[in-house]
Amino acid sequence: MDFKEVEKKWLKFWEEHPELYTAQNVSSRQKKYVLNEFPYPSGSGLHIGHTFSFTGGDVYARYWRMRGYNVMFPMGWDAFGLPTENYAIKMKRKPQEVAKENNDVFRNQMKRLAFSYDWSREVNTADPNYYKWTQWIFIKLFEKGLTEKKEMPINWCPSCKIGLANEEVVDGKCERCGTEVERRTISQWVVKITKYADRLIDGLKQTDFIEKVKMAQINWIGKSEGARVKFQISSRDVPRNVSTDFLEVFTTRPDTIYGVTFMVISPEHKIVEGLDSKEVKDYVKQARSKSDLERTELNKDKTGVFSGLYAINPVNNKEIPIWISDFVLASYGTGAIMAVPGHDERDFAFAKKFSLPIIEVIDKDGRMKDSEMINGMTKKESIKKIIDWLKEKGMGEGANSYHLRDWIFSRQHYWGEPIPMVKCPEHGWVPVAEDQLPVVLPEVEAYEPTDDGKSPLSKMTEWVKTTCPRCGKPAERETDTMPNWAGSDWYFLRYCDPYNDIVIANQELLKKWLPVDVYIGGDEHNTLHLLYSRFIYQFLWDLGMVPKEIPEPYFTRMSHGVILGTDNARMSKSKGNVIVPEIVADKYGVDVIRMYLMFMGPFEGTMAWNEKTLMGVKRFLDRLEKFVDEQINSQFASKQDNGLIINKMIKGVGEDVENFGFNTAIAKMMEGLNSLKEANKEEVETIIKLIAPLAPYTAEELWASCAKASEGSVHAQSWPKYDEAMLIETEINIPVAINGKVRGQLVVKEDAIKEAKELPKIKLWIEGKEIVKEIYIPGKMINFVIR
RNA sequence: GCCGCCAUGGUGAAAUUGGUAUACACGCAAGACUUAAAAUCUUGUGCUCUCAACAAGCGUGGGGGUUCGAUCCCCUCUGGCGGCACCA
């Protein structure tokens with residue numbers, strides 16, 4: 001078979017028959033929404049990781065289609081983003097043009113790889129008709145008070161010249177380019193995802209995500225249960241300009257409150273502003289100049305300064321000093337802690353360094369001591385008692401705290417969705433009127449980001465100048481754009497109704513298709529895209545824009561694995577170990593690369609590319625083709641044996657594909673073919689159908705060679721049904737064991753135990769011994785326990 | 001440090017509910033075809049002892065437990081991967 005000719009022929013055929021893969025909005029068949037994370041189309045084309053993940057989704061989608069399901073398997077482009085902008089700058093071209101070219105390249109590559117997408121639903125985040133709705137979501141967030149513009153310190157990447165979200169900073173470095181991030185204070189749009197922290201945790205119960213994904217999200221949100229406690233600032237030495245009467249802290253251990261010997265506040269705490277001792281000012285200045293990375297790297301050696309202030313412990317009225325230290329984070333809890341050096345490592349280290357008192361309040365049995373009202377109580381009892389007491393006195397209450405931070409949503413770049421806001425001198429920030437959406441990204445002369453932290457759009461004075469949507473007076477547009485995640489948060493909704501101009505997507509259509517049954521993607525998105533996306537969905541749910549009966553957008557999440565280079569290292573251009581799917585496809589054919597990727601190992605696994613192993617798959621396809629060729633016209637009448645083999649294949653391959661066990665599905669195909677010596681026409685046709693999801697070209701060609709063309713594409717055939725009766729093996733060989741060790745084999749006829757004892761080998765073992773116990777599990781095994 | 005996951009031949013890996021460990025493939029070895037090689041086909045291939053076969057013993061990271069029986073369940077240790085991390 002000349003695979004190049006075959007591919008050309010069927011590619012054309014499929015192009016002419018898009019209905020093969022169309023998801024039907026009106027259909028009585030059961031729906032199945034299979035989704036692969038849409039790609040960011042870079043200039044270097046589809047890489048092997050895409051090919052791997054997308055092939056898995058494709059095999060799965062094709063299988064369910066053959067099973068008679070109404071399958072939605074869509075594709076689109078996450079087209080906004082920095083690499084395209086950088087490339088455009090380098091080449092002195094328009095990002096719009098570059099992005100379009102990249103999309104076209106990706107689409108053609110996907111078609112060649114036989115991915116059965118419903119192209120009538122293609123979406124593109126950089127299309128104004130799409131980002132109109134991304135902007136609309138932003139306006140709704142603003143109207144509901146979930147976004148506001150704030151001066152805040154952000155992570156600034158000096159290389160990308162862009163502000164980063166917390167999630168985009170890894171080990172103090174820019175996730176994209178690896179440059180160490182700096183701190184800058186810039187006016188930024190902030191989306192209050194923290195308001196949804198509990199919902200984002202609770203909602204996981206309604207999903208079928210694997211434990212790893214759930215835990216990654218739960219850890220990221222980082223909920224801690226505890227209490228907020230107010231400590232009165234002692235009147236003795238308070239400078240006049242310290243306005244706060246109370247210092248509020250968050251603690252997970254209110255039970256240890258009798259062990260508090262000092263307080264610590266972060267250098268950014270607002271009380272610090274009112275302190276003018278030179279020591280304090282010097283310390284704060286020094287702490288401010290450190291980056292986050294420097295602060296956390298210095299965690300062995302604690303630094304700090306005494307503020308000069310004291311606080312009163314509400315439970316025993318003891319006066320304790322308030323210190324300032326940068327080991328207390330301004331961004332967590334209240335930016336202040338009650339220090340219990342007797343039972344907290346960090347507090348202990350600080351107390352040692354500055355010779356502060358250390359008191360223990362828990363005895364060896366874990367019961368409270370030296371703690372007046374809770375002496376002898378357990379941790380749990382004490383926490384409840386203290387919280388109740390504080391509440392009664394108005395000095396505190398039970399409270400939760402989260403690691404999750406609000407989401408910095410502004411980017412100082414060109415190639416993104418314009419934030420649809422206008423600043424009016426009179427009314428402040430006002431959203432663009434809905435009927436004025438989209439705010440189209442204007443074409444500019446220069447896309448280069450600027451060192452002053454302003455978006456290139458700020459230079460477009462004509463575009464910036466506008467009128468206030470509320471009062472009509474002169475006003476200015478927001479010139480920052482949205483982050484990458486904005487467009488990808490909700491794209492799966494748009495596939496359900498890609499051309500709707502009135503709402504984000506029609507309710508009935510959403511009700512029909514949602515939730516996404518299987519969402520296939522990479523682990524790197526478990527705390528980024530997947531969390532943001534669930535948040536936006538929950539927000540839309542609150543607005544009533546998505547169906548009430550569907551509180552979570554994704555049911556199952558499948559993590560695809562990673563393909564390493566032949567050297568067992570991650571593929572990268574600098575290492576020169578990159579495998580290009582196009583080149584492999586040119587050499588061996590698309591079906592071989594698809595089958596090999598699926599055969600390498602488990603779908604979630606990490607596997608190294610090995611071209612020798614690929615040959616095994618190629619040989620299998622060659623053998624299959626030869627077998628079909630030889631057997632299709634044979635007059636062979638099926639035998640019982642064949643029935644068993646074929647039915648086992650149907651059952652095994654189907655079940656494996658349903659569980660993303662593509663490697664074992666292929667193994668079962670191989671095993672079946674190896675054991676078939678000959679086959680009749682019907683059996684041959686069944687085998688072709690079974691291979692169709694995995695090797696779409698080969699299957700189509702073989703199907704046609706069976707003179708089946710009149711029945712249409714093999715991909716439109718129904719998946720073969722297996723006959724349970726044919727799966728029963730007539731001769732069952734069961735093992736006979738002595739003390740759990742297999743010593744013989746038996747074909748059971750009537751009395752299994754009696755027959756087993758008569759086996760010559762077994763006889764030898766039991767002779768002269770006492771049989772203590774006889775275990776017979778019909779169809780499974782026999783075991784004699786002897787002494 | 002906390003949370004989650006994993007450990008099986010020379011290699012990638014299978015094994016449904018606790019019931020024949022190593023399916024399938026690679027690699028390797030021998031043979032067939034060939035002047036020869038490639039390709040293809042056939043056979044063998046966990047380890048130890050043995051010329052070989054039979055038989056036996058050992059064997060799913062180490063140790064222990066439950067069980068007639070453990071890759072699978074429980075305890076513990078070691079090693080590796082991933083997430084979070086001065087988070088009070």
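All values reported here derive from a predicted model rather than from experimental measurement. Numbered from 1 within each chain, the chains take letters A, B, ... in sequence-line order.
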Discussion item. Side chains of A:T303 and A:Y283: any donor to acceptor distance under 3.5 Å?
Written reply: yes
A:N526 atom CG is separated from B:C5 atom C1', nearest whole Å, by 13 Å
In whole angstroms, the gap separating C1' of B:A88 from CD1 of A:I265 amounts to 15 Å
Paired to B:A32 by Watson-Crick or G-U wobble criteria (both distances under 3.5 Å) is B:U40
Identify whether NZ of Lys or CZ of Arg in A:K302 sits under 6.0 Å from the centre of the six-membered ring of A:F350 and within 45° of that ring's axis. no
- Scan A:V328 against the nucleic acid and name what it touches under 4.0 Å (heavy atoms): base, sugar-phosphate only, or nothing. base
- Report the relative orientation of the aromatic rings in A:Y196 and A:F535; use parallel for angles under 30°, tilted for 30 to 60°, perpendicular for over 60°. perpendicular
So that I can tick it off, tell me whether A:D622 and A:K618 are bridged by a salt bridge, with the cut-off set at under 4.0 angstrom between side-chain N and carboxylate O. yes
Picking from B:C26, B:A25, B:A88, the nucleotide nearest the side-chain atoms of A:N674 would be B:A25
Judged by whether its glycosidic angle lies within 90° of 0, B:G9 is syn
(request) If the plane angle is over 60° it's perpendicular, under 30° parallel, otherwise tilted; pick one for A:F52 and A:H560. (result) perpendicular
Against the side chain of A:R743, the closest entry in B:A88, B:G57, B:G83 is B:G57
Whole-Å distance, A:I738 CD1 to B:U20 P, equals 16 Å
Separation of B:G57 atom P from A:K741 atom NZ, nearest Å, is 7 Å
Taking a pair to mean Watson-Crick or G-U wobble geometry with both distances below 3.5 Å, B:C47 pairs with B:G57
Assign each of A:G333 and A:Q745 the nucleotide of RNA chain B bearing its closest heavy atom; nearer the 5' end lies the nucleotide of A:Q745
N/O to N/O distances under 3.5 Å, protein versus nucleotides 10-15 of chain B:
residue	atom	partner	partner atom	Å
B:G12	O2'	A:M600	O	2.6
B:A14	OP1	A:N663	ND2	3.0

Contacts of A:G335 and A:E211 projected onto RNA chain B by closest heavy atom; the upstream (5') one is A:E211
Legend entry - Between B:A37 and B:U20 - C1' atom distance, rounded Å: 43 Å
The Watson-Crick or G-U wobble partner of B:A7, with both key distances under 3.5 Å, is B:U78
query: With a non-hydrogen cut-off below 4.0 angstrom, is A:K626 in contact with a base, only sugar-phosphate, or nothing?
result: nothing
_With a 4.0 Å limit, can you tell me whether A:K773 has a side-chain N or O closer than that to the phosphate oxygens OP1/OP2 of B:C68?_
yes
Scanning all shown strands, the Watson-Crick or wobble mate of B:C86 with both distances under 3.5 Å is none
**Salt-bridge contact A:K587-A:E611 (side-chain N to carboxylate O under 4.0 Å)** = yes
Check: A:N783 side chain, B:C68 base, donor-acceptor under 3.5 Å: yes
### B:G27 to B:U35 separation - P atoms, rounded to the nearest Å
26 Å
Atom CZ of A:R619 and atom P of B:G27 are separated, to the nearest Å, by 5 Å
Check: Is there a donor and acceptor pair, one atom on the side chain of A:K668 and one on the base of B:C24, closer than 3.5 Å?
Finding: no
Spacing of the C1' atoms in B:G18 and B:G10 (rounded, Å): 31 Å
Ranking B:G27, B:C86, B:A56 by distance to the side chain of A:D326, first place goes to B:C86
As its Watson-Crick or G-U partner within any shown strand, both distances under 3.5 Å, B:U66 has none
| task | Please determine if A:K195 and A:D406 form a salt bridge, counting it only when a charged side-chain N lies under 4.0 Å from a carboxylate O. | result | no
Closest of B:G27, B:A88, B:G83 to the A:K612 side chain is B:G27
Counting the atoms with a prime plus P, OP1 and OP2 as sugar-phosphate, which does A:W765 contact under 4.0 Å by heavy atoms, base, sugar-phosphate, or nothing? sugar-phosphate
query: Contact class for A:R623 (heavy atom, under 4.0 Å): base, sugar-phosphate, or nothing?
result: sugar-phosphate
Which of parallel (below 30°), tilted (30 to 60°) and perpendicular (above 60°) describes A:W485 and A:Y532? tilted
**OP:** Please state the P separation for the pair B:G65 and B:A14 - nearest whole angstrom.
**Re:** 31 Å
| task | Assess whether side chain to side chain contact (heavy atoms under 4.5 Å, CB included) is satisfied between A:L531 and A:I221, documenting all intermediate values. | result | CA-CA 9 Å; A:L531 195 68; A:I221 295 166; 4.1 Å; yes
message: Just to be sure I understand the rule, does A:D523 reach a base, reach only the sugar-phosphate, or reach nothing, if contact means heavy atoms closer than 4.0 Å?
response: nothing
From CD1 of A:I210 across to P of B:G4 the rounded distance in Å is 14 Å
Presence of salt bridge, A:R253 and A:D344, under 4.0 angstrom:
no
Here the distance between atom C1' of B:A25 and atom CG of A:D622, to the nearest Å, is 15 Å
query: Considering only heavy atoms and no angle criterion, is a donor-acceptor pair shorter than 3.5 Å present between the side chain of A:E655 and the base of B:U16?
result: no
Item to complete: Report yes or no: do A:H529 and A:E37 form a side-chain donor-acceptor pair below 3.5 Å?
Response: no
From CD1 of A:I218 across to C1' of B:A85 the rounded distance in Å is 17 Å
| request: May I ask you to say what A:K214 touches in the nucleic acid, namely base, sugar-phosphate or nothing, with a heavy-atom cut-off under 4.0 Å? | output: nothing
inquiry  = With rounding to the closest Å, how many angstrom separate the P atoms on B:U43 and B:U11?
reply    = 25 Å
Under 4.0 Å between any heavy atoms, over every strand shown, what does A:E345 touch: base, sugar-phosphate, or nothing? Just pick one. nothing
**Study point:** Between B:U78 and B:G63 - P atom distance, rounded Å
**Key:** 15 Å
Of the candidates B:A88, B:C86, B:C24, the side chain of A:A667 sits closest to B:C24
In whole Å, what separates the P atom of B:G19 from that of B:C2? 35 Å
Open item on the list: Using the P atom as the point on both nucleotides, what is the distance between B:C74 and B:U66, in whole Å?
Closed with: 16 Å
